[in-house]
Amino acid sequence: PRHAFVRGEDLERTAAFLRDKIEGVVPGGPQRRAEIEEQQSIANRVYARTPWLSSGLCGLFVVFVLLAGLAGGFDRMFALADFGANVPALVRTGEYFRVFTSSWVHTDVSAMLFDALLLWIVGTRLERLLGPRLFLCVALAGAVFGQAALVLSGRGNFACGSAPMAFACLAAYGYVVQRHRSKIPLGLAPPTRAWVLLGGRVLILALGLPTDDVPALLGGALAGVLVVGLLLPEEVSFPPAPSAVAGGLAAVLAVLHLAAWGWALTAPSAELQVGEAFVRDEVVAPRLNQFAWQWATAEEPPEKALKLAEKAMRQALRTEADPALQDTLATVMFRQGRLREAAELEASVLRKRDDAFIATQYARFVRALPAPDLDLQFSLHPSRGASVKLEAPPEVETIFIAVDDPSAEPKMQGILRLKRSKLDQSPWIESQGIRWIWPETSEAVVIATSSVVASSKSWAADASVLALPGR
């Protein structure tokens, strides 16, 4: 509204006119005018403050993400364990620094931006109201309490991010507004219905998050309420005068955070310890799968990591017979050089889930084995489609053919699975889309045979699979 006036004195003249009207017309006018002037005085003092601390915390998040990225923290999912991420199993073994450091670490840039935006929106308002000392107490205590709540809940196994800090500020802001509404300027005191709507949205968001995150968010929110409830006096005028207690607590928390980072930087690498903890604590199969897959698809995984990945997947498969888990185990075997075992396991996966990803995985594995010694005649004609002729022993019921384009990268463009009865059926091959997927320069090679009868099918090769490291 201020910008709607051409001259500043017009605004002051209009405000004075309205106050006079309120005093002269509204019942209890003089008292109401005094209340309005007191609120305006509070607003002037509150908005005169620059919320540099909340903006500075958001800036630190950006710095930490950049440093983690440059140091390889995003190369693998659990590499952030070496950068202070919260691994409750390791905290229980004595690595207590993780409850301090994990709120400064984020899984990726998008997660950091979301947390920083929420903290900036709420934090700047809260810092204007409470001052930098009390605001810093809320933020740092929320970070620690949230991550500690995750450890104590027994529900999480790997977490990081500043969401507990942001939720501490959000809960503290809501508590202060509801408790001292009459003393807070209208622009900083949303109505109760707005808090109800916000609470509903936050609840929906929390229910949509992994269960690992909910205890941390609740712990952070509880910490925010406790800090302002204990340190903010009942009779307070905003912004409150600087408190020695709040300043001392903020200093202690800041020192503890810095000391925790010193501890974290001298701690040994924990990435493999994460997997050992997952196996020891028998965490859920999806988490074991994530750990194993990151090593199965690493550029140069150490043998110890692959052995641990295999152990994790065998444990996961004892609880869930999921083809995706079997695919991960087969990939681990492939990286270990156990090519035939990997191909046989992937063949069983393909019989359960015959999509392009699994078919390309199978083709990738079997191509590392010696090819069957069979004479294949394959041709593509502009108008007649594809033709396949193959003489195979009687025991061969199904043939797998890789279709390559030597001029393309990657070379393998598709996979054919043909039943014996379909080996000379050009119209059928054309109906599977072969004619349109591959150019006339394509070449075909038999990569595997099987005695198991399977339906004929074709897949375009999955480029994401062919980009995976390996043989």
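Everything numeric here is computed off the predicted structure, so don't read it as measured data.
Here the shortest heavy-atom pairing between R92 and G154 reads NH2-CA, 3.8 Å. Closest non-hydrogen pair, A79 versus Q294, comes out as N-OE1, 4.3 Å. Counting all heavy atoms, side chain and backbone alike, H106 lies closest to S162 at NE2-OG, 3.0 Å. Taking every heavy atom of both residues into account, A85 and S102 meet most closely at C-CB, 3.9 Å. Taking all atoms of both residues into account, the shortest heavy-atom contact from A402 to I447 is CB-CG2, 3.7 Å. Nearest approach of T107 to C160, heavy atoms of both residues: CG2-SG, 3.6 Å.
The list of side-chain hydrogen bond (donor to acceptor under 3.5 Å, both in side chains) pairs with a residue in residues 216-234, not counting sequence neighbours, reads R179-E234. Within the structure, every pair that satisfies the side-chain hydrogen bond (donor to acceptor under 3.5 Å, both in side chains) test and touches residues 247-260, not counting sequence neighbours, is listed here: W104-H257. Listed by first and then second residue, the side-chain hydrogen bond (donor to acceptor under 3.5 Å, both in side chains) pairs that reach into residues 242-254 come to none, sequence neighbours excluded.
Using modelled atom types and a 3.5 Å distance limit, the side chains of R417 and S455 yield a donor-acceptor pair. When only modelled atom types and interatomic distance are considered, S54 and E127 share a side-chain donor-acceptor pair under 3.5 Å. Q326 and K352 form a side-chain donor-acceptor contact under 3.5 Å, judged by distance and modelled atom types alone. Residues Q361 and T331 have side chains that bring a donor and an acceptor to within less than 3.5 angstrom of each other.
Residues forming a salt bridge (charged side-chain N to carboxylate O under 4.0 Å, His left out) with E310 (at least two apart in sequence, or on another chain): R314, R338. With sequence neighbours left out, the side chain to side chain donor-acceptor pair (under 3.5 Å) criterion links R351 to no other residue. With sequence neighbours left out, F365 forms a ring pair (Phe, Tyr, Trp, His ring centres under 6.0 Å) with F334. Under the side chain to side chain donor-acceptor pair (under 3.5 Å) criterion, T266 pairs with no residue, sequence neighbours left out. Scanning for side chain to side chain donor-acceptor pair (under 3.5 Å) contacts around R133 gives an empty result, with sequence neighbours left out. Legend: residues meeting side chain to side chain donor-acceptor pair (under 3.5 Å) with K411, ordered by chain and number and at least two apart, are absent. Annotation: ring pair (Phe, Tyr, Trp, His ring centres under 6.0 Å) contacts of F97 (sequence neighbours excluded): W263.
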- Task: Show your reasoning for whether side chain to side chain contact (heavy atoms under 4.5 Å, CB included) applies to I401 and V445.
- Result: CA-CA 5 Å; I401 299 172; V445 59; 5.9 Å; no
(message) Would N86 and Q147 count as a side-chain hydrogen bond (donor to acceptor under 3.5 Å, both in side chains) here? Give the steps.
(response) CA-CA 7 Å; N86 189 3; Q147 299 298 345; 2.9 Å; yes
Checklist entry - Where do L350 and F400 land on the side chain to side chain contact (heavy atoms under 4.5 Å, CB included) test, with the steps shown first? => result CA-CA 12 Å; L350 187 59; F400 289 86; 3.7 Å; yes
- Evaluate side chain to side chain contact (heavy atoms under 4.5 Å, CB included) for V332 paired with K307, printing each intermediate quantity in order. CA-CA 8 Å; V332 171; K307 287 181 179 179; over 6 Å; no
Are K457 and L416 close enough, and set up right, to give a side chain to side chain contact (heavy atoms under 4.5 Å, CB included), and what steps lead you there? CA-CA 6 Å; K457 191 169 183 178; L416 288 173; over 6 Å; no
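Atom-to-atom distance recorded for L129:CG and Y173:OH is 6.0 Å, nearest 0.5 angstrom. For the atom pair CD of E346 and OG1 of T360, the computed distance is 10.0 Å after rounding to the nearest 0.5 Å. Here CG of L217 is found 12.5 Å from CG of L222. Values are rounded to the nearest 0.5 Å. Between the CH2 atom in W295 and the CD atom in E303 there is a gap of 12.0 Å [rounded to 0.5 Å]. The distance from the CD atom of E320 to the CG atom of N289 is 9.5 Å, given to the nearest 0.5 Å. The distance from atom CZ of R340 to atom CG of L345, rounded to the nearest 0.5 Å, is 14.0 Å.
Between the R335 side chain and the A330 main chain, no donor and acceptor come within less than 3.5 Å of each other. Proximity of a side-chain donor or acceptor of Q413 to a complementary backbone N or O of P410 within less than 3.5 Å is detected. Although no hydrogens or angles enter the test, the distance criterion places no donor-acceptor pair under 3.5 Å between the side chain of S450 and the main chain of T398. Using a distance-only test at 3.5 Å, with no hydrogens or angles considered, no donor-acceptor pair links the side chain of S55 to the main chain of W52.
The pair R367-D404 meets the salt-bridge criterion, with a side-chain N (NZ, NE, NH1 or NH2) lying under 4.0 Å from an Asp/Glu carboxylate O.
Within a 6.0 Å radius of CH2 in W120, no more than 12 heavy atoms belonging to other residues, nucleotides or ligands are found. Crowding of E300 atom CD: a count of heavy atoms from other residues, nucleotides or ligands under 6.0 Å not exceeding 12.
Put simply, the side chain of F61 does not reach to within 4.5 Å of the side chain of V63, judged on heavy atoms. Taking 4.5 Å as the limit, every side-chain heavy atom of V403 sits out of range of all side-chain heavy atoms of M412. With contacts defined as side-chain heavy-atom distances shorter than 4.5 Å, the pair M313/L325 qualifies. A heavy-atom distance below 4.5 Å is found between the side chains of F291 and L308. At least one side-chain heavy atom of D327 sits under 4.5 Å from a side-chain heavy atom of W293. Between L57 and M165 the shortest side-chain heavy-atom distance falls below 4.5 Å. Side-chain atoms of V138 and L126, non-hydrogen and from C-beta on, do get closer than 4.5 Å to each other. Between L329 and L317, the closest side-chain pair of non-hydrogen atoms falls below 4.5 Å.
W261 has its ring centre less than 6.0 Å from the ring centre of F64.
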Could you tabulate the donor-acceptor pairs under 3.5 Å formed by side-chain atoms of residues 272-286, not counting sequence neighbours?
| residue | atom | partner | partner atom | Å |
| --- | --- | --- | --- | --- |
| Q273 | NE2 | S269 | O | 3.2 |

Using a 3.5 Å cut-off and no angle test, enumerate the donor-acceptor pairs between side-chain atoms of residues 65-76 and protein atoms at least two apart in sequence or in another chain.
| residue | atom | partner | partner atom | Å |
| --- | --- | --- | --- | --- |
| R76 | NE | E271 | OE2 | 2.6 |
| R76 | NH2 | E271 | OE1 | 2.8 |
| R76 | NH2 | E271 | OE2 | 3.4 |

